[in-house]
Each structure stands twice: as structure tokens, then as C-alpha cells.
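Atom set for the values below is all heavy atoms of this structure, side chains included, hydrogens, waters and symmetry mates excluded. When a ligand or atom number is given, it counts from 1 through the structure's own listing order. Given the structure is predicted, the values throughout are model-derived calculations rather than measurements.
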Amino acid sequence: MSDTPTNLDALRERIDSLDNDILRLISARAECAKQVAEVKTRSDPDSVFYRPEREAQVLRRIMELNTGPLDSEEMARLFREIMSACLALEQPIKVAYLGPEGTFTQQAALKHFGESAVSLPMAAIDEVFREVEAGAVNYGVVPVENSTEGVISHTLDSFMDSSIRICGEVVLRIHHHLLVSEATLRDKVSRIYSHPQSFAQCRKWLDAHYPRAERVPVSSNAEAARMIKGEWHSAAIAGDMAANLYELEKISEKIEDRPDNSTRFLIIGSQHVPMSGEDKTSVVVAMRNQPGALHELLEPFHRHHIDLTRLETRPSRTGMWNYVFFIDFKGHVDEPRVAAVLEEVRLRAAELKVLGSYPMGVL
Ligand SMILES: O=C(O)C(=O)C[C@]1(C(=O)O)C=C[C@@H](O)C=C1
């Protein structure tokens with residue numbers, strides 16, 4: 001087909017007509033969501049509107065049905081936004097995240113809840129926990145582990161003294177860029193700002209390209225991006241959101257040492273999330289300090305063929321030589337075999353706390 005004006009006009013007419021259909025269908029869907037809200041409120045005035053298990057099922061179904069030409073993740077992202085707008089019609093939700101604005105955690109919050117959620121930056125991980133606990137926001141988003149640098153212990157420790165539950169997870173590919181402002185003299189960069197985790201994730205690249213530049217650790221990548229405004233000899237390592245927010249230019253893109261560098265974030269809240277079909281559970285267990293304790297703890301999981309996805313040890317804050325284990329595994333507490341394992345573990349452990357069962361990250 002040649003790109004003649006007639007063909008272009010005809011195709012655009014077809015696009016207009018398809019857009020009419022899409023518009024009508026999205027509106028009908030939004031009407032439906034409003035009715036869902038009425039049903040929920042009628043059945044329980046304190047009902048929660050956000051349903052992570054249902055959202056995961058909607059997105060998974062779309063990805064399965066999709067036959068292209070858009071790829072399934074792209075299609076799911078579009079539906080993510082439609083659902084986000086539908087939920088905002090039911091009840092606008094507020095989400096606290098580890099700020100400041102422009103951090104990867106904000107990007108994770110947007111990826112999970114879509115653009116219609118109101119997201120509020122907090123200065124520290126404990127503040128995110130506190131805001132959720134106090135009911136000032138509906139949910140919180142905090143980083144929990146990075147594929148290159150490992151666990152974010154502050155987040156794990158925050159669960160120890162909190163009644164907060166995990167309602168979801170989101171995994172984000174982390175791409176770091178070397179950013180400069182309009183004031184920077186590019187061949188005179190002698191100082192680079194970033195978060196310590198980002199320095200660690202780009203160590204080899206920095207050693208090869210800027211071995212002599214001073215590396216200045218700051219509290220977040222977004223803060224690093226803010227710092228270089230007006231400093232002619234400085235650059236920052238940060239992601240796309242910070243680059244856009246502070247209108248910085250990328251002089252080198254994707255400088256992370258490992259191409260699969262990704263961070264897992266948790267969605268924290270107070271609700272029990274029903275099964276979605278593909279779920280994970282997180283627990284924290286304190287074992288008595290005796291030989292073979294770890295084996296005793298893990299043996300029931302092995303016997304019931306439960307797939308562990310993560311095991312993390314943290315010193316307990318109550319005794320000098322006691323440790324607690326954070327365990328993630330596939331399955332949901334409402335499944336009989338998971339309930340059976342947890343019952344066995346409860347008998348063997350000094351303490352067991354279920355942090356939550358939640359849908360495995362879809363996007
Ligand atoms: O199914 C529901 O419970 C809805 O509220 C509808 C809907 C959707 O748009 O599909 C919206 C928000 C919920 O988080 C889940 C799904």
C-alpha cells in the first residue's frame with residue numbers, strides 16, 4: 001500500500017472510527033466499575049475498593065489473550081491505566097512512597113497503581129510504614145531487594161515492629177544514567193553524586209570511565225539529580241524519572257554493570273488479599289537458638305513441595321545471638337497445604353508472623 005493521501009485519509013478515518021468504539025467501551029467499563037463500588041458499599045460500608053487479586057487476574061488474562069501486534073506487557077500497561085482510572089472513580093487512593101519525587105520507588109508506585117493514584121513522597125522507609133499504619137494513606141511502596149546489591153534491611157526491620165501487611169509486589173528494571181545539567185562542563189566532571197546502592201550497581205562502569213572522579217553518596221538518586229543543578233564540575237547517576245523531573249541530559253545511558261539489574265518493591269497496607277491463582281507469601285520466623293534450627297525450619301517446606309523464593313537472615317533485636325528469618329514462598333495462606341506447613345512451623349518456632357499473601361508481580 002503506498003502512502004498516498006487517499007490511503008492515509010482512509011486509514012485515519014478507520015482509526016477515528018475505532019477510537020469511537022474504544023471510547024464507548026472504556027466509558028461502559030467505567031460505568032461498570034461505578035456499579036461495583038455501589039455493590040461493595042452496600043455489602044459493607046467499610047469495604048475496600050482496591051482489590052489486588054482481581055487486578056492481577058485482569059492483567060494476566062489480557063496478557064494471555066493478546067495476540068499482537070502490541071506486545072503483552074505494553075497491552076497490560078494500557079489496561080493498567082484504564083483500571084487505575086476506574087478505581088479512581090470508585091475511590092481515589094493515596095499511596096505513600098519512599099521519596100523524594102523522581103525516585104525509582106515513585107516509578108514502582110506508578111507502575112503498580114497507575115497514574116490515577118495520588119502518590120505522596122516520604123523522607124524515610126519508616127515514615128511510609130507510619131503513614132500506612134496511621135491510616136493517612138491507603139497503601140505504601142518500599143524497596144525490599146535489589147538483584148545486584150541484595151536486601152534492603154531497613155524495610156525488613158520495619159516489619160518486625162509493625163502490624164502492616166504485604167498486599168503486593170512489583171519488580172522494576174533499574175536503568176541508571178550519567179546525567180549532567182546545562183551548567184556542567186562535560187569534559188571537566190570531577191564529582192559524581194548518587195545513592196550508595198546506585199554507586200555499587202555501576203561500580204565497574206565508573207572505574208572504567210571516571211576512575212578519578214569523587215563519588216559523593218547522597219540519600220537518593222533524585223537528590224543527586226537535584227544537587228548538580230548549577231555545579232559546573234558535577235554529574236549525577238539516576239534514572240529516567242529524576243532526569244525528566246530536573247530536566248537533565250543523559251550523557252551515558254544504562255551504565256549499570258548488570259543488564260538484568262532490577263529492584264523488587266513491596267506494596268504495604270492493612271488488608272488480607274484473597275487468592276489470585278499465582279501468589280506468594282512472606283513470613284518472618286524467630287527460631288530458638290539451637291543447632292539445626294534452620295534445617296528444622298525449612299524441612300516442612302521441603303516435605304510439602306513448597307517453593308521458597310527467598311530466605312533472609314536478620315539479627316533479632318531481642319537477644320544477642322538470636323536470629324530471625326524472612327521467608328518468601330510460592331502459595332497463599334488460604335491454601336490447605338500452605339496452612340498445614342505454617343502450622344508445623346509455628347510449633348517449631350519461637351515466633352511466626354505471616355506478613356501477607358499477595359499476587360506475584362504481573363508487570
Ligand atoms: O472488580 C472490582 O472489584 C473492581 O473494583 C473493578 C476494578 C477494575 O477496574 O477492573 C477496579 C479496581 C479494583 O482494584 C479491581 C478491579
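Near R51, meaning under 4.0 Å from one of its heavy atoms, ligand 1 places the atoms 3 (O), 13 (C), 14 (O). Within ligand 1, counting atoms from 1 as listed, the ones closer than 4.0 Å to a heavy atom of C86 are 9 (O). Taking a cut-off of under 4.0 Å to the non-hydrogen atoms of E90, the atoms of ligand 1 that pass are 4 (C), 5 (O), 6 (C), 11 (C), 12 (C). Below 4.0 Å from some heavy atom of V36 lie the following atoms of ligand 1, by number and element: 2 (C), 3 (O), 4 (C), 5 (O).
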Please test F265 against Y97 for ring pair (Phe, Tyr, Trp, His ring centres under 6.0 Å), starting from the C-alpha separation and ending with a verdict.
CA-CA 10 Å; F265 298 83; Y97 65 92; over 10 Å; no

Working note: R51 + S47, criterion side chain to side chain donor-acceptor pair (under 3.5 Å); need CA distance, chi angles, decisive distance, verdict.
CA-CA 10 Å; R51 301 291 169 92; S47 176; 3.1 Å; yes

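No side-chain donor-acceptor contact under 3.5 Å links H175 and D240. Of the N and O atoms on the side chains of Q201 and N146, at least one donor lies less than 3.5 Å from an acceptor on the other residue.
Looking only at distances, a side-chain donor or acceptor of S194 sits under 3.5 Å from a matching main-chain atom of I237.
Closest approach of F326 to L156, counting heavy atoms only: CZ-O, 3.2 Å.
Residue A33 does not touch ligand 1, judged by heavy-atom distances below 4.0 Å. With a heavy-atom cut-off of 4.0 Å, R54 touches ligand 1 through its side chain alone.
For a threshold of 3.5 Å applied to N or O pairs, the pair formed by Y50 and ligand 1 contains no separation below that value.
Taking atom 15 (C) of ligand 1 as the reference point, the nearest protein heavy-atom neighbour is E55 CG, 3.6 Å. Ranking protein heavy atoms by distance to atom 9 (O) of ligand 1, first place goes to R29 NH1, 2.8 Å.
Atom 3 (O) of ligand 1 has its nearest heavy-atom neighbour, among M83, E53, K40, in K40.
Under the 6.0 Å cut-off for aromatic ring centres, F113 and Y50 qualify, their centroids lying closer than that.
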